[in-house]
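Below, read A as the first sequence line, B as the second, and so on, with proteins coming before strands; counting in each chain starts at 1. Both backbone and side-chain heavy atoms feed into the values below; hydrogens, waters and symmetry mates do not.
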Number of protein chains: 2
Amino acid sequence: MSDERALKDVLYQEFARIGKCLSSPKRLEILDLLSQSPKSVEGIAKNTGMTVANVSQHLQTLHNARLVNFKKQGNFVFYELADSTVSDFMTTFHNLSEKQLVQVQQIKKEFLNNNFEMDGLSLPELKKRMDNGEVLLLDVRPREEYEEAHIPDAVSIPIEELEEKLSSLPANIDVVAYCRGPYCLISVDAVELLKSKGINAFRLEKSVKDWMQFINQES
Amino acid sequence: MSDERALKDVLYQEFARIGKCLSSPKRLEILDLLSQSPKSVEGIAKNTGMTVANVSQHLQTLHNARLVNFKKQGNFVFYELADSTVSDFMTTFHNLSEKQLVQVQQIKKEFLNNNFEMDGLSLPELKKRMDNGEVLLLDVRPREEYEEAHIPDAVSIPIEELEEKLSSLPANIDVVAYCRGPYCLISVDAVELLKSKGINAFRLEKSVKDWMQFINQES
DNA sequence: CAACTATTCAATTGTTTTATTGAATAGTTA
DNA sequence: TAACTATTCAATAAAACAATTGAATAGTTG
């Protein structure tokens, strides 16, 4: 019977190895970043404001739990999620987190005191409006991520290039900007900029992943 | 732009609060226990081999992350999972864990060097055999859990009572014992005991929760 | 009201984890 | 081959955590 205790201890220790990966804010951020596209260590470091060595250590932890893999490309080491299971799991984790932590919603509202008109916009509705030529969909993420995957018919204008390319936008049409999902604020900045230039702009909270799921459901 | 950093930091810190709950083997064990049925602090302590104060502290952590709730009943405080979302999430978590940690499989095999013949037994098949009177299904968990929920037509014989009730079992029929799922070893002990008494016994890896899911799918 | 129970709280200890620094490695380019 | 780059490794200091103990609380029973 104390055999059972011993087994359980070992077993739950193994499970906790994965749990531990989710216990650090920075590691969660890394996982979310990687669920967008594979990235180099330095890329992650820049994106998260951590030192390279620190990122490397976190990636090691994630690798030990088999949550991420890496492939060497020239001088760079590109990390990616080990498996689509991991990405699905992260989605589930976010769902749970959001549901449980009411505070998260409040925090979001406090920071994003912008317009929320598009937040509830469903993807089928977006599709309809795009098909009717009513809106222009803008992907404001870095170009690599756009190239990795994007919502069909979306135009890639990374946030840095947005200001200079303003004039090339068609006039008299609503613009919808999206980035990596509800917790990424690139599109918020984009909408802010567009509005300050008198363009009717909205933020789409959804991500490419959401779009994929939507498409898979439809077919 | 450093506003964005600040928001992310706060946000991911909130997410990590849930993650931290999953980073301790003992807390995972508690969550699994509670996904079976609500339990008192002392009940959990006995079941996990921890001190009461220690369990209480872990439960507080879980409660802070809104993963568990409690209700007072007389002198006792009964804890339960906050939500079916939490229980679903734990299932997902186990799926991921098992998939990623190949070692877990190995550990299981090493310890459970018993028969695995029933492990792959699908629930519809079990149902068919039971309907045909080919097997007797035994629920060897503590009686409270049986009373909380059990697989229909299963007979409750808690492991402690099994030896004395051996004679009351019908002869010449295969016995299938189940408990809380693949990581609970009560049924392993039961099968061991039954076999030592010359009874043809098998272990079912599935749990009541699995049965519920199976039934819901069917209807 | 007093004795008793289950649980929680608070303080302490030893252990783990995190971020940081600077050096080491491996792969690339001139 | 030498200089350079991206990444990892190793050592450290600071912070967070887990388990333990014993006391405090709240609710129940005689």
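- Between A:Arg27 and C:dT17 there is no side-chain polar atom (N or O) within less than 4.0 angstrom of OP1 or OP2.
- One finds no side-chain N or O of A:Lys26 lying less than 4.0 angstrom from the OP1 or OP2 phosphate oxygen of C:dT18.
- Under the 3.5 Å distance criterion, with hydrogens and angles disregarded, a donor-acceptor pair is assigned to the side chains of B:Ser207 and B:Asp210.
- Distance CG (A:Leu62) to C1' (D:dT8): 15 Å, rounded to an integer number of Å.
- When the P atom of C:dA11 is taken as reference, atom CD of B:Gln57 falls 13 Å away, rounded to whole Å.
- When the side-chain nitrogen and oxygen atoms of B:His58 are compared with OP1 and OP2 of D:dA19, one or more of them lie within a distance under 4.0 Å.
- Shown here is B:Glu161, whose CD atom has more than 12 heavy atoms of other residues, nucleotides or ligands within 6.0 Å.
- The environment of NZ in B:Lys165 is crowded: more than 12 heavy-atom neighbours from other residues, nucleotides or ligands sit within 6.0 Å.
- Contact annotation: B:Gln60 reaches the phosphate of C:dC9 (side-chain N/O to OP1 or OP2, under 4.0 Å).
- Distance alone, capped at 3.5 Å, is enough to place a donor-acceptor pair between the B:Tyr146 side chain and the B:Ala154 backbone.
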*Start with the C-alpha gap between B:Glu192 and B:Arg203, add the side-chain angles, then the distance that decides, and say whether salt bridge (Lys or Arg N to Asp or Glu O under 4.0 Å) holds.*
CA-CA 10 Å; B:Glu192 208 167 285; B:Arg203 172 171 187 252; over 6 Å; no

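- Within residues 72-80 of chain B, the residues that place at least one heavy atom under 4.0 Å from DNA chain D are, in residue-number order, B:Gly74, B:Asn75.
- Of the N and O atoms on the side chains of B:Asn69 and B:Tyr79, not one donor lies less than 3.5 Å from an acceptor on the other residue.
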